[in-house]
Amino acid sequence: MKDPGQYDHKRIEQKWSKYWIERSIYHLNRPDPRRKFSIVIPPPNVTGSLHIGHALNSTLQDVVARWMRMKGRDVVWVPGFDHAGIATQYVVERELTKEGKSRIEMGREEFLKKVWEWVPKTREAIRTQLEKLGVSVDWERERFTLDEGFSRAVRKAFRVLYEKGLIYKGTYIVNWCPKDQTALSDLEVEHEEEEGKLWYIKYPLEDGSGHITVATTRPETMLGDTAVAVNPEDERYKNLIGKKVRLPLVDWLRKDLEGNEVKPEIPIIADPRVKMDFGTGAVKVTPCHDPNDYQIGRDHNLPFVRVMDERGYMNENAGEFSGLERYDARKGIVDILREQGFIEKEKDHKHSVGRCYRCKTVIEPMVSTQWFLKVSDPAIRERSVKVVEKGEKRSEVKEIYLQYAEVGGLTISLQVVDGVSGETKAVFQLEGDIEFLAGTREGELAYIYYPEGRKENSQRAKDLFYRFSNENGQPEFIIALKGELTIIRMGVPSGKEEGRFLLAQEGERLNLYSFENEKWSYLKELEAGRTRLEPVQKSIKVRVEKEELNIEKESKIVFIPERWKKFYLDWMKDLKDWCISRQIWWGHRIPIWHCLDCGHQNVFTDDDFDRVHDKLIFNLIADGKISEEFTPEEVASALNSPQFVHRNMSVLDFYKRFVYHRYHSTDIDESSLRLLFTQDLNPMAMLTPGVSTKNVYSFNPRTKKWRMILRCRNCSSENLKQEEDVLDTWFSSALWPFGVFGWPEETSDLKTLYPTDLLVTGFDIIFFWVARMIMMGTYLMGDIPFDDVYVHALVRDEKGQKMSKTKGNVIDPLEIIEKYGADALRFTLTALTVQGRDIKLSEKRFEGFKHFANKIWNAARYVLINTPENLAADLPLMAPLSAEDRWIITRLNETARKVSEHLENYDFSKAAMSIYEFFWSDFCDWYIELSKERVYREPAEGEEEPIPEKITALYTLNYVLEKALRILHPFMPFITEEIWQMLPSTDGDSISLAQFPEPREDEEFAEDRDKVEKLKTLISSIRSIRSDLQIEPSKKLKAYYRCSSPADEELIQEFKNHILNLARLDEFEKTEEKPSGTLSTFAGETEVFLSVEGEVDIDRLTKTYDKRKEKILSELERTRRKLSSEEFVRKAPPEVVEKERKIQRELEEELIKAERILGMLKEVN
RNA sequence: AGGCGGGUAGCUCAGUUGGGAGAGCGCCGCCCUUACAAGGCGGAGGUCGCAGGUUCGAGUCCUGUCCCGCCUACCA
C-alpha cells in the first residue's frame, strides 16, 4: 500500500546510475570462462562530447550486455577512450590559438603537457554521459588508447611487425594535409565533387617546331613537371615521343630530391596509362605532387622535383613564385601564362577534391618519407580474409579444470573446459537418500527433481521452498534428504543410501540420468537452469584437477547484417599498404631510435630490460612523460600522476594492477618485484649511483640529471635519436580488443576474455577500425578479436541528412535525457534500430516512448497502491488463478520467448516492440482493467479480509509486472530498477542481476488464452457499436444476447461481470427474440442486442454499415474469383484452398450480419 | 564507372519458404471511468516507384527502367 507518486525520470535515473557504480554492480573480478561474455566499447574520442550516434551504439551494446548478464553470463564490458591523434591535437591547438599561443612556439614537450591537462576534462565529461545513459560497463576496467598499457602494447606490436619485415620506412607519395602538416592514410581523405577549372597550357617544343598542349586542374604544379606523357597509341603525338618541350615560365634550375639539378627542358614520353580521350591526350607529369605522375615518374626514371613545402607554400624550386601560398601561386602562374599567351583555353570542370577528414583542408599529394605497414602481405591479409570468408579451424591445447566436491553421501563433480573453446560441461552426481533436488534461479523455483516414485513430494517441495526462500533469500540448490531440507550453500546434508542420479548440463539442456544396471541411462530433460558451484565450494571440500586437452576451435567472424561481409572482403581484396606515421605530436611515438653514427634503425621496447624499474623508466621516456634527461623527482611525479591513466589510477597503480600483476614475464628478478609490490617504487633509491644503475643509466653531475643508456645494436654508439613521428591513432585502436586486457602480458583477463563475443559499431569505421582489429588480432594474437560484428546504421536527421554541428541539426543526447529521460532515449533508439537502414530521427520520436515509460510507471503505481506489503508471505495462492490470470501469464510467457528470439537475431526493433505491445496492449489495456473487478472488490457480508480472489489477482499482477520488468530491463534499466526495488515480492541488489524470464511450458494455457481473446472480441464489438452510435461511455446500457454455441454461452456466463464493466452495461441477459428498441451487433456467432433509447443517428450508422458492406463485398469478389478459377483449386496446395474457402464463408457470414443490421436500421427509420 | 541500400497509409518504418496489406506517430469522433489526458474507447486512411515476365496466385521471385541515399574507384 504505497503510492510512488508521479513519474520523475530525473530523480530515478540519477539515483540508480549512482547506485550501480557505487556498488560496482557491473564489475566482475574473475569472470568464469565457461560463461563469460565480453565486449569492448568502441572507444569514443576524447575530443568532445558524445553525439546521438554514440548513444545508439552504447545503447545497443547495453541491451545485449544486460540481457546476457540476466541470462546468467559473466558479462564484462570494457569502457574506454581513444586519444584520437590528429583530432585532439587539432582541437587543443585551436584552443591555444584562441589564447594567442602557438604550438610551434611552445615546443613538443610543453604542448603535450597542455594536451595531458586537457584530456582528463573531456574524458570525465564523456564518462558522465555514459553513466547518464545507464550503460553497464565495468568502470574498473576502463582503458585509454594512450595509457601506460597501451603504450607498451603499441611498442610491442610495432616491434613484432617491424622485426618480421612488415613495417618499413620509405619515400612515397602520400596524402598531405598542409594545415595539420601531417601525412594521412587514404581513408582519412574525403573526396567530394567540386566545381573547378581545367586549364589548357601550351608547352613549346624545344626545337621550336610548335607546341604540345596539356590540360591541368592544378597549374601551380607545373613548376615541378619533369615530363609530358602521351599514350603510345596516340596517332596525334606519335612523332613527338622522345622530343623535348621547354617548360614555360621556368627559367631557373630546379633541384630534385637527391639534389641534382633539373633543367626546364623536359622529355615527351609514352605511357599506356595516359587516356587519349581526356583533355588533349597529353599530360604533364609532376612526380612529386600527383599519385599517378608519381608512378609514371618511377617507371620512367624521371627526376622528382618538389615545389611545395609542408605548409603548402611554394619552395625554392618555384623560383620567383617561392614563398607564395599554393592558391596564390596558382593565380599568379595562370595570370602570367595568360599574359604570355601560353593558355590555349580555360573551361569549367567538375572534379573530385580530397580533403582532410579532420580540418577539411584540401589535401596535397606529396612525396615524403613515411612508415608503412605492409597489410597487403599474405601473412596479414590472407588470414584476415579467411576468418571472415569461411572461418578457420584450429587445434589448440586448452587447460581443463575438473572439480569435485564431496559431502557425505553427495558427490558433485563439475568438469570445466576452458571458456575459449566454448564448451562446458557440468555433472552432478547425487547419491544418498534424496527425496528431491530443487534448483532455484533468483529466488524462484526453477526446477524440482525427484527420484522416481517420489513425485508425491511435489507440494511439500514447493511449500518448503517458499518457506525457506522467505527466510533466507535465494538458495541455489535445495536437497531434501530423509525429510530434512538441505540447502547446499548453507550446510552439509546427512544420510547415506544407495541410488545415484545425475544431472548433466549438455549445451543448453539439463538432462537427468539414473544409474541402472551398471550404466547411466537417460531419464528426461529438465528445464535448464543456471547452476553455480561457487556457493558449494565455500562449504564443501573441493578438489581441483587440471588437465590439458586438445581442442578444435572454429574461428569465424560473422557480420550482421550479412552484407557487410562483402563490403569488408571487397576492400580487403585490393588493399594498399597503410601509411602509419603521422607528423604530429599527440600519439604513440614510433619506437625507433636512429643511430646518428651508423644510421641503423634500432627498435626498442621494455623487453630490452630485465628489471621492472628499468622497464618502467624506459616506458616513461618512450612515452614522452619524462625527458631523455630527467631527475628522480620528475620520475616520481610522472609515476604518481593519475591523468596519464584514469580518474583514480596512477601510472604506478597501473603497473601494479595490470602489467605485472599476476602473469609477469619470468625474467623479472625477485627483488624488482618485491620493490614494486611491497613498497612504492622510489625513484630516488632506484637511481642512486651504484651497481644497479651501471650500464643502464648515466648521471650528469653538471645538470644533476640522469639519462638512460641505449646503445645502437649495430655500432654500439650511444648517439641515438628517437623517431619524431607518431603512429596513426588507428594503429593503437587496432589493438583495442586485446590491449584492454593487458596484452602483451598474459593476464588472466586476456586468457578468459579474448576473443570477445560481440562488437557493435557503425559501418563508417569498418575499414578504419574493424578491419584493422581483425588484421592485428589474427596476426598478433593468433585468433579473431570477436565472433560477431553487429553493424548498425547511422543516425540522421528527419530529412535523412547527416547530423553535423555546422548544419545545426544535431540531437544532443544529454538534452534528450534531460527532457525525456535516458530510458525513453534508449527505448527509442532500440525500437528504431532495424537492420540495413539509416535511422531518421527527430526529437518528436522520443516523446512517444517517454509516454511508454510513464505508462509503465502508472501501471506499477496501480499494482503498488493496491498490494498489501505482506503479499509475498501470503503465498501460495488462496484462490486458484482465474482464466484471465492464466491468459496474461501465457501472453507474458510468449513475450519472453519472442524477446529472446529477437535479441538472439539482433532484431532490436522487434524485441523492443514485442515487450512494448505486451505491456501496453495486453497488460495495461486489458489485464489491469479485468483485474479491477477483483482488486476493488469489497468483502461481502460475512466475508472476511483478505478476499482470496483479490489476493490471487494481486499476486498475478505482481507476478506479471515483476517478470515484465525483467524483460524490459535491458531496454529501460532505470525505471525497471526503481519499480522492481519497490515491489514487495523482490529481493536482491539489482534487477539487472535477476534472471531474464525464460519461456516455461507450465505457463502455457492455450485454452484460457483463446477464451480471453474471444472475450476481448465480444467486448470490443459492443464498444464499437456504442461508439458508432456516439453513446458516451458514462451511459450504462441494457443489452441482450442470443447465441447458438454452448461454448459462447458458457463464456458469457463466466465473464459476465467483466462484460458489464468493460462494455459499460448494466444488464446483459439472454434472449431468444430480438427485443424491441434494440440494435444488434455480432461477435462471432453471438448476436448482441443493444437497447438504445432516445435519438440515434440512424443515417450516420447506416453510412458506416453501408461502407462496411461494400468492403466485405469487394473482398468477397476476390475470394469468389479465386475459388471459381479451376486452376487455383487444382494447383494450389489444399490447405491454401481450404483457407480461402474458410475466408469466403466468414465473409459471407459477415455480409449477412451487416445486411441484417442495415435492415434493422431501415426498420427503425 | 562499379557496388550497396532504399522507394508500402500524411510522416517514420515493419512485412519472415510467394497464399486474406501492418505498427507507431499524426488525423477524425466520443470520453477527465478512483494507475495514467504523458490517458481510455472507437474510427478513417494504401493500384506496395514504373513496365514487363514467371505462377493458379507477386509487396515478396526474375528482367528492364526511373528516382533517392551511401560507399569505392577515376578524374591530367
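The sequence lines fix the lettering, A, B, ..., with proteins before strands; numbering per chain opens at 1.
Using a 4.0 Å cut-off on heavy atoms, none of the residues of residues 816-829 of chain A approach RNA chain B. For the segment residues 1138-1145 of chain A, the set of residues with a heavy atom within less than 4.0 Å of an atom of RNA chain B comprises A:Lys1139, A:Ile1143, in numerical order.
Protein atom CD1 of A:Ile766 is 12 Å distant from nucleotide atom C1' of B:C70, rounded to whole Å. Nucleotide B:A35 holds its C1' atom 12 Å from the CE atom of A:Met982, rounded to whole Å.
Comparing atom distances between the A:Lys910 side chain and each of B:A14, B:C74, B:C30 picks out B:A14 as nearest. Of the candidate nucleotides B:G20, B:A38, B:C25, B:C25 has the atom lying nearest to any side-chain atom of A:Lys844. For A:Asn854, whose side chain is taken as the heavy atoms from C-beta onward, the closest listed nucleotide among B:G43, B:G29, B:C36 is B:C36. The nucleotide whose nearest atom lies closest to any side-chain atom of A:Asn858 is, among B:G19, B:C36, B:C71, B:C36. Of the candidates B:C36, B:C4, B:C74, B:C74 carries the atom nearest the A:Lys275 side chain, counting heavy atoms from C-beta on. The side chain of A:Asp925 lies closest to B:G40, out of B:A35, B:G40, B:C71. Taking the side chain of A:Pro1033 as heavy atoms from C-beta on, and the options B:C30, B:C25, B:G29, the nearest nucleotide is B:C30. The side chain of A:Pro1133 has B:C56 as its nearest neighbour among B:A35, B:A38, B:C56. Checked against B:C41, B:C56, B:G19, the side chain of A:Val1136 finds its nearest nucleotide in B:G19.
B:G2 and B:A14 have their C1' atoms separated by 31 Å, given to the nearest Å. Between B:C32 and B:G40, the two P atoms lie 16 Å apart (nearest whole Å). Separating the P atom of B:G46 from that of B:U63 is a span of 32 Å, rounded to the nearest Å. Separation of the C1' atoms belonging to B:G69 and B:G49 is 15 Å when rounded to the nearest angstrom. A distance of about 29 Å separates the P atoms of B:C25 and B:U17, rounded to the whole Å. Rounded to whole Å, the P atom of B:C68 lies 32 Å from the corresponding atom of B:U54.
Within the nucleic acid shown, A:Phe852 has no heavy atom closer than 4.0 Å to any nucleic acid atom. A:Leu794 comes within 4.0 angstrom of no nucleic acid atom, judged by non-hydrogen atoms across all strands. In this structure, A:Val863 reaches neither bases nor backbone, as no heavy-atom distance under 4.0 Å exists between it and the strands shown. Nucleic acid contact class of A:Arg1118 (heavy atoms, under 4.0 Å, all strands): sugar-phosphate only. Residue contacts shown for A:Gln6 are absent, as no nucleic acid heavy atom lies under 4.0 Å away. If you check every strand for non-hydrogen atoms under 4.0 Å, A:Glu1135 touches nothing. A:Thr216 comes within 4.0 angstrom of the backbone, heavy atoms only, and of no base. A:Ile839 comes within contact range of no nucleotide atom at all, as no heavy-atom separation falls under 4.0 Å. As judged by a 4.0 angstrom heavy-atom cut-off over every strand, A:Asp293 is placed among residues making no nucleic acid contact. At a threshold of 4.0 angstrom between heavy atoms, the contacts of A:Val214 with the nucleic acid are absent.
Because its NZ or CZ atom is not both nearer than 6.0 Å to the ring centre of A:Phe559 and within 45° of the ring axis, A:Lys565 does not count as a cation-pi partner of that residue.
When all heavy atoms of A:Ala912 and A:Thr830 are compared, the pair lying nearest together is CB-CG2, 4.2 Å. In terms of heavy atoms, A:Cys288 sits closest to A:Ile173 at O-CD1, 3.7 Å. Nearest approach of A:Val228 to A:Ile212, heavy atoms of both residues: CG1-CD1, 4.2 Å. Nearest heavy-atom pair, A:Arg861 versus A:Gly5, reported as atom, atom and distance to 0.1 Å: CD-O, 3.2 Å. Nearest heavy-atom pair, A:Ile856 versus A:Phe919, reported as atom, atom and distance to 0.1 Å: CA-CE2, 3.5 Å. Residues A:Ala859 and A:Cys924 approach most closely at CB-SG, 3.7 Å, considering heavy atoms.
The pairing partner recorded for B:U33 is none, the criterion being a Watson-Crick or G-U wobble arrangement whose two distances lie under 3.5 angstrom. Within the shown strands, nothing qualifies as a pairing partner of B:A38 under the Watson-Crick or G-U definition with both distances less than 3.5 Å. For B:G69, the paired nucleotide is B:C4, the pair qualifying as Watson-Crick or G-U wobble because both relevant distances are below 3.5 Å. Base-pair partner of B:G20: not found among the strands shown (Watson-Crick or G-U wobble, both distances under 3.5 Å). Shown here, B:G52 forms a base pair with B:C62; the pair counts as Watson-Crick or G-U wobble because both key distances fall under 3.5 Å.
Within 6.0 Å of the CD atom in A:Gln6, the count of heavy atoms belonging to other residues, nucleotides or ligands does not exceed 12. At most 12 non-hydrogen atoms from other residues, nucleotides or ligands lie less than 6.0 angstrom from CD of A:Glu1126. Heavy atoms from other residues, nucleotides or ligands lying under 6.0 Å from NZ of A:Lys844 number 12 at most.
Ring planes of A:Phe767 and A:Trp571: parallel class, angle under 30° (limits at 30 and 60°). Taking the six-membered ring where tryptophan is involved, the planes of A:Trp920 and A:Phe852 are essentially parallel, since the angle between them stays under 30° and well short of 60°.
Residue-to-nucleotide proximity on RNA chain B shows that, of A:Asp1028 and A:Asp570, the 5′-proximal contact is made by A:Asp570. Checking A:Phe923 against A:His351, the closest nucleotide of RNA chain B that is more toward the 5' end is the one next to A:Phe923.
Residue A:Ser1020 places at least one side-chain N or O under 4.0 Å from the OP1 or OP2 atom of B:G42. For B:G43, one of the phosphate oxygens OP1 or OP2 lies less than 4.0 angstrom from a side-chain nitrogen or oxygen of A:Ser1024. Phosphate proximity of B:G39 to A:His851: present, with a side-chain N or O under 4.0 Å from OP1 or OP2. A:Lys1107 has a side-chain polar atom (N or O) that falls below the 4.0 Å cut-off from OP1 or OP2 of B:G45. For the pair A:Trp920 and B:G40, the criterion of a side-chain N or O lying under 4.0 Å from OP1 or OP2 is met. Residue A:Lys932 has a polar side-chain atom (N or O) positioned under 4.0 Å from OP1 or OP2 of B:A35.
Under 3.5 Å, the side chains of A:Asn175 and A:Ser185 contain no donor-acceptor pair of N or O atoms. With hydrogens and angles left out, the side-chain atoms of A:Lys284 and A:Thr221 include a donor and acceptor closer than 3.5 Å.
Judged by distance alone, with hydrogens and angles left aside, A:Glu929 brings a side-chain donor or acceptor within reach of the base of B:A35, the pair sitting under 3.5 Å. Below the 3.5 angstrom threshold, one finds a donor paired with an acceptor across the side chain of A:Lys855 and the base of B:C36.
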